[in-house]
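Take a look at the structure set out below.
Keep in mind it's a predicted model, so treat the numbers as computed, not measured.
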Amino acid sequence: MEVSSSTMLKPAYSTPHPLAGEMVPLTLFDRATLDIFVPLILVYPAPTPSNDALTEGLRRAVAVYPHLAGRLAVDHRGRRFIHVNNEGVLVVEAAVPVDLASAVTDGSFVTDTDGLYPAVPPPESIGAALLQIQLNRYKCGGLAIGFSSHHQAADGYSVSTFLSTWASAVRQGWNFTAPSPFLDRGATAVPRAVPTPVFDHRSTEFKGQGSRSYPVVSDPMSSNIKNVTVRFTAEFIAELKARVGIRCSTFQCLLAHAWKKITAARGLKPEEFTQVRVAVNCRARANPPAPPDFFGNMVLWAFPRLQARDVLGWTYRGVVEAIRDAIARVDADYIQSFVDFGSLADANGEELAATAAANGTMFCPDLEVDSSLGFRFNQIDLGTGPPSAFVTPDLPNEGLMIFLPSCTASGGVDLIMAIPEDHDTATFYSLDERAKPKM
């Protein structure tokens with residue numbers, strides 16, 4: 001691979017954005033999330049738009065979401081904020097001297113993805129571009145877009161919204177009609193007049209007495225952890241839902257299935273407890289609900305928890321109901337309690353440390369799961385069709401799982417998991433015995 005350019009791209013404003021120059025404090029949702037850059041890779045076969053068209057569309061799209069062109073900074077109290085200073089987004093252009101078909105087969109990379117997205121800065125790198133993009137051109141004309149954004153700037157829902165806006169800007173060119181997203185981050189975390197937290201947030205979203213701890217390996221990208229992808233077909237999902245026997249979402253039934261299979265593969269003792277940290281989008285759950293086009297972070301977590309004997313011995317319906325019940329507890333009352341807790345902590349001068357896992361965490365006997373099934377990353381069309389592959393590369397934590405809509409199997413789902421290098425991968429392949437697991 002040869003890098004031909006690396007530039008800081010400024011947004012294209014016809015008039016200054018109302019937020020220009022603002023120092024936007026991180027909300028409690030921002031502070032509770034991962035302090036990392038999250039990479040994604042979208043793959044498009046030739047023909048594809050030119051790099052000039054992509055960068056011009058990017059300038060228009062970033063102008064709609066000015067936080068992404070800003071920088072994290074620290075105030076006089078040592079607390080982070082986003083400085084909307086229009087410093088720009090990093091854009092790297094690179095040439096890959098092979099055909100795309102030799103790197104991507106059936107929607108999955110068969111070669112290493114290292115180098116396809118900008119090097120991830122360490123969490124303490126205050127001042128790094130919050131959005132970093134690498135345009136990788138293959139010899140055949142195919143394109144792999146390496147996309148990396150800081151999680152404290154935007155959650156997965158917001159990233160998917162931004163990508164859709166960028167794609168629209170590329171397709172429409174000078175006729176691009178910019179959306180008007182809701183950008184008032186503080187409006188999503190307003191405490192009551194008398195803050196009254198009623199749930200335990202000090203050991204759930206933030207570290208405190210009783211919060212769970214896990215071992216951490218020093219080099220998560222070494223051979224200690226590897227990523228495996230399993231593809232579930234639409235037919236398999238339909239059969240699984242039939243076995244559940246009650247109305248449930250694709251995510252709920254697949255998570256129940258994966259939880260059963262991974263618990264069995266780990267060989268946990270029957271009485272040992274295992275829990276799953278499930279990301280929950282709180283936009284529609286809050287009271288009042290946040291606008292659906294809110295850009296930022298608004299995610300909390302549910303924690304279904306069972307003994308291994310129950311995960312393995314209960315019917316699919318029983319495990320699905322345990323997952324559903326846990327998610328239902330993240331309701332408007334819980335969200336308001338979370339916001340009130342943060343308000344009191346700030347008033348008391350407390351420094352809160354998020355329980356979000358560091359890179360290299362070994363979650364066993366637990367799991368963490370994110371779902372992008374509602375985000376439609378597989379439909380991001382730059383003008384020549386949807387991507388042929390969409391992946392979340394280099395998952396750094398053992399037991400981390402991500403559900404993605406498949407780019408190649410209509411109605412199918414790809415499950416990407418991070419597992420120990422020395423684990424018997426054959427047991428994971430049985431997640432869908434009719435699928436051919438991808439490495």
Side-chain angles (χ1 to χ4, degrees), residues 1-7 34-45 48 51 54 89-125 128-140 142-151 159 163 216-230 357-362 370 372 377 387-402 404 407 414-423 425 437-439:
M1 176 185 297
E2 181 179 350
V3 173
S4 58
S5 69
S6 179
T7 59
L34 296 162
D35 180 17
I36 61 172
F37 282 81
V38 180
L40 311 170
I41 300 177
L42 296 103
V43 177
Y44 296 88
T48 58
N51 284 7
L54 291 170
V89 301
L90 176 66
V91 178
V92 178
E93 298 184 39
V96 186
V98 298
D99 287 337
L100 184 61
S102 67
V104 179
T105 301
D106 193 25
S108 295
F109 275 90
V110 293
T111 57
D112 203 329
T113 57
D114 283 353
L116 291 180
Y117 55 90
V120 177
E124 63 273 12
S125 293
L130 295 178
L131 174 58
Q132 307 188 11
I133 291 172
Q134 184 165 321
L135 305 176
N136 303 285
R137 289 285 174 181
Y138 286 78
K139 188 171 65 173
C140 61
L143 171 70
I145 300 176
F147 181 103
S148 182
S149 60
H150 199 287
H151 207 315
V159 167
L163 285 170
V216 177
V217 298
S218 59
D219 184 4
M221 290 296 101
S222 71
S223 59
N224 291 317
I225 300 174
K226 67 178 180 180
N227 291 184
V228 175
T229 302
V230 174
N359 284 0
T361 296
M362 309 293 280
D370 290 318
S372 297
F377 286 113
S388 60
F390 169 74
V391 298
T392 53
D394 304 326
L395 300 186
N397 299 332
E398 182 274 333
L400 176 59
M401 305 188 300
I402 299 182
L404 304 170
C407 290
D414 287 350
L415 169 59
I416 303 178
M417 302 179 293
I419 61 175
E421 179 69 31
D422 59 357
H423 206 290
T425 55
K438 311 292 182 183
M439 291 302 295

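Applying the side-chain hydrogen bond (donor to acceptor under 3.5 Å, both in side chains) criterion to Gln132, with sequence neighbours excluded, gives no partner residue. Partners of Leu54 under the side chain to side chain contact (heavy atoms under 4.5 Å, CB included) rule, at least two apart in sequence or in another chain, are Pro49, Asn51, Leu135, Arg137, Leu143, Trp166, Val170, Leu382. The side chain to side chain contact (heavy atoms under 4.5 Å, CB included) test applied to Ser6 returns Leu90, Val92, not counting sequence neighbours.
With no hydrogens or angles considered, a side-chain donor-acceptor pair links Tyr117 and Asp394 at under 3.5 Å.
Between Phe147 and Val38 there is no side-chain heavy-atom pair separated by less than 4.5 Å. Lys139 has its side chain out of reach of Pro97: every pair of non-hydrogen atoms, C-beta onward, lies at least 4.5 Å apart. Proximity of Ile145 to Ile41: side-chain heavy atoms (C-beta onward) are nowhere separated by under 4.5 Å. For the pair Val391/Phe109, a side-chain contact is recorded, criterion being any heavy-atom separation below 4.5 Å from C-beta on.
Not one N or O on the side chain of Asp99 forms a donor-acceptor pair closer than 3.5 Å with the backbone of Ala101. Between the Thr229 side chain and the Leu415 main chain, no donor and acceptor come within less than 3.5 Å of each other. Put simply, the side chain of Thr361 gets close to the backbone of Ala358: a donor and an acceptor are under 3.5 Å apart.
Using cut-offs of 30° and 60° on the angle between ring planes, the pair His150 and Phe37 is perpendicular.
Annotation for Ser149 and Leu131: closest pair CB-CD1, 4.2 Å, computed over non-hydrogen atoms.
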